[in-house]
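These numbers were taken from a predicted model, which means no experiment stands behind them. When a ligand or atom number is given, it counts from 1 through the structure's own listing order.
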Amino acid sequence: MILIVDDRPENIFSLKSILELHSFAVDTAGSGDEALTKTLKNNYSLIILDVQMPGMDGFEVAEFLSGNNRTRDIPLIFLSAVNTEKKFITKGYASGAVDYIVKPIDTDILLLKVKTLHRLYEQHSQLLTTQAKLESEITFRIIAEAEIREKARELHGILASIPQVAFTATALGEIDYVNERWYDYSPSLEKFPGVCPGDPVISDQWKKMLGGTSALELETRIGKLDSNDFRYHLLRVVPVAEHGKVIRWVGTFTDIEEQKQVEKKKDEFLSIASHELKTPLTSIKGYLQIMDKVLTEDGKTRAFAERALNQVNKLDGLINDLLDVSKIENGELKFDLHELNFEELVASTLDMLRQIYPAVTIEHNNTVDAWTRGNALRLEQVIINFISNAIKYTPSCTRLSVITRVTEEGNLYFGVQDAGIGISAENQEKIFGKFFRVSESAARAQGLGIGLYICAEILNRHDAKFGVQSEPGKGSLFYFTLPLIVKE
Ligand code: ADP
């Protein structure tokens, strides 16, 4: 807006009309005092100031304006009919005017000057706004950087005090801090600790991880500098994210050697125990089978022998599972794959299961006459495990359904749907692990938590995909898919 200051209303009127005709917003003041009051309240892009006014004259107004931070950048044009002498014009400029026009006013010249000064002022204001924004952004950044430095200092303080080997890295993976313990294992900040030959190489895993946003967990043996003694460590690297973007990585190596040794001893014990139990159990089973055959007349005694044989069979199953686990651990679970008719395998396994569980209706409606490559005994073991679990974890189970079909991708699909207790999403990730049992189900049914672990190993060796879909309280669907063989 432009402010016109003149003590004569007729002057104001004619100037105002000209400027408004050219679309300028105009405000007016009839004296120097009024002009100063208005400039304190409003923002003006230009002030046209009459020099000759009663009271405060134009020069004085200009001096006030140039002495005030708020108004000193507003361009001024002096208007005067009288003070055309050079010294007055000079005084006008000295008191802050940007331009000087003498009366009678040449409208074209006035308009040109007004337009130019008005535009200059607008540009100047825009520059000031941009500068202010830049300044506040710079201040914001300086504060943010100081905060980040402070946080990093705190984090490094914590990492220095923990018993683990620890480090931090930039989002791009450059290690920028290591604690004192790091130097027991590595000569420099840039080099990861050396790993035992044959163990996963840390830098390879590190590169893979950097592309994503998930944490890395890796068990590997690392050795102190100049030592051949490698100890198991759990390397965990977690991302620190801000607004969904990884800003740094924090990593620790935790010594888990003792834990590993205990696990190893436990595995060895289970392996020895199951081997040692297997031999006497096989002969007990043999004698019980003979007794079962011999004791045909004495009904009561025979029933006892049958029950004993039943229990011995269960025990035999458990010991076989434990033996399988130790074979998996030692890489000794060996079996061959042959072409087999999948539907025949499913049908015969279901027949056997129907005899074992006469109270349960096992539905299997849609059959697929298809072939795959696999080990019949081991696949049977998986099917038995899925179905006996479905029965075991469904209170008073009387019915469950088995689904076999060919998938859209052309694979064989096998699934067992129960209406049992279900499994939470968190536990679904864990149940195929070794010795894992969901605590609620452990209270309902006996088990060792190794059946699914063995199934997973068998299915992996068949290049099968497998998994579970389940909701607590609504039942579970355990499934696997196998590659199909097209027969002539
Ligand atoms: P086990 O049955 O001997 O405990 P598994 O390895 O076969 O061992 O199963 C691991 C765990 O998975 C079980 O303890 C149980 O908690 C859960 N689970 C397996 N199958 C089912 C199912 N059909 N419904 C609910 N939970 C199941």
Undergrad: Determine whether the aromatic ring centres of F432 and F466 lie less than 6.0 Å apart.
TA: yes

Undergrad: Assess whether a salt bridge exists between E137 and K133, defined as any Lys/Arg side-chain N lying under 4.0 Å from an Asp/Glu carboxylate O.
TA: no

Undergrad: Could you tell me if the ring centre of F480 sits under 6.0 Å from that of H462?
TA: no

Undergrad: Do F167 and F192 have ring centroids that are under 6.0 Å from one another?
TA: yes

Undergrad: Can you tell me which residues line ligand 1 if we count any heavy atom under 4.0 angstrom from one of its atoms, in chain and number order?
TA: N385, N389, A390, K392, Y393, D418, I421, G422, I423, I431, F436, R437, V438, S441, G447, L448, G449, I450, G451, L452, S476, F478

Undergrad: Hey, which of I362, I391, V402 is the one that makes side-chain contact (heavy atoms from CB on, under 4.5 Å) with L353?
TA: I362

Undergrad: List the steps, then state whether salt bridge (charged side-chain N to carboxylate O under 4.0 Å, His left out) holds for E426 with K430.
TA: CA-CA 7 Å; E426 189 198 347; K430 301 179 187 159; 3.4 Å; yes

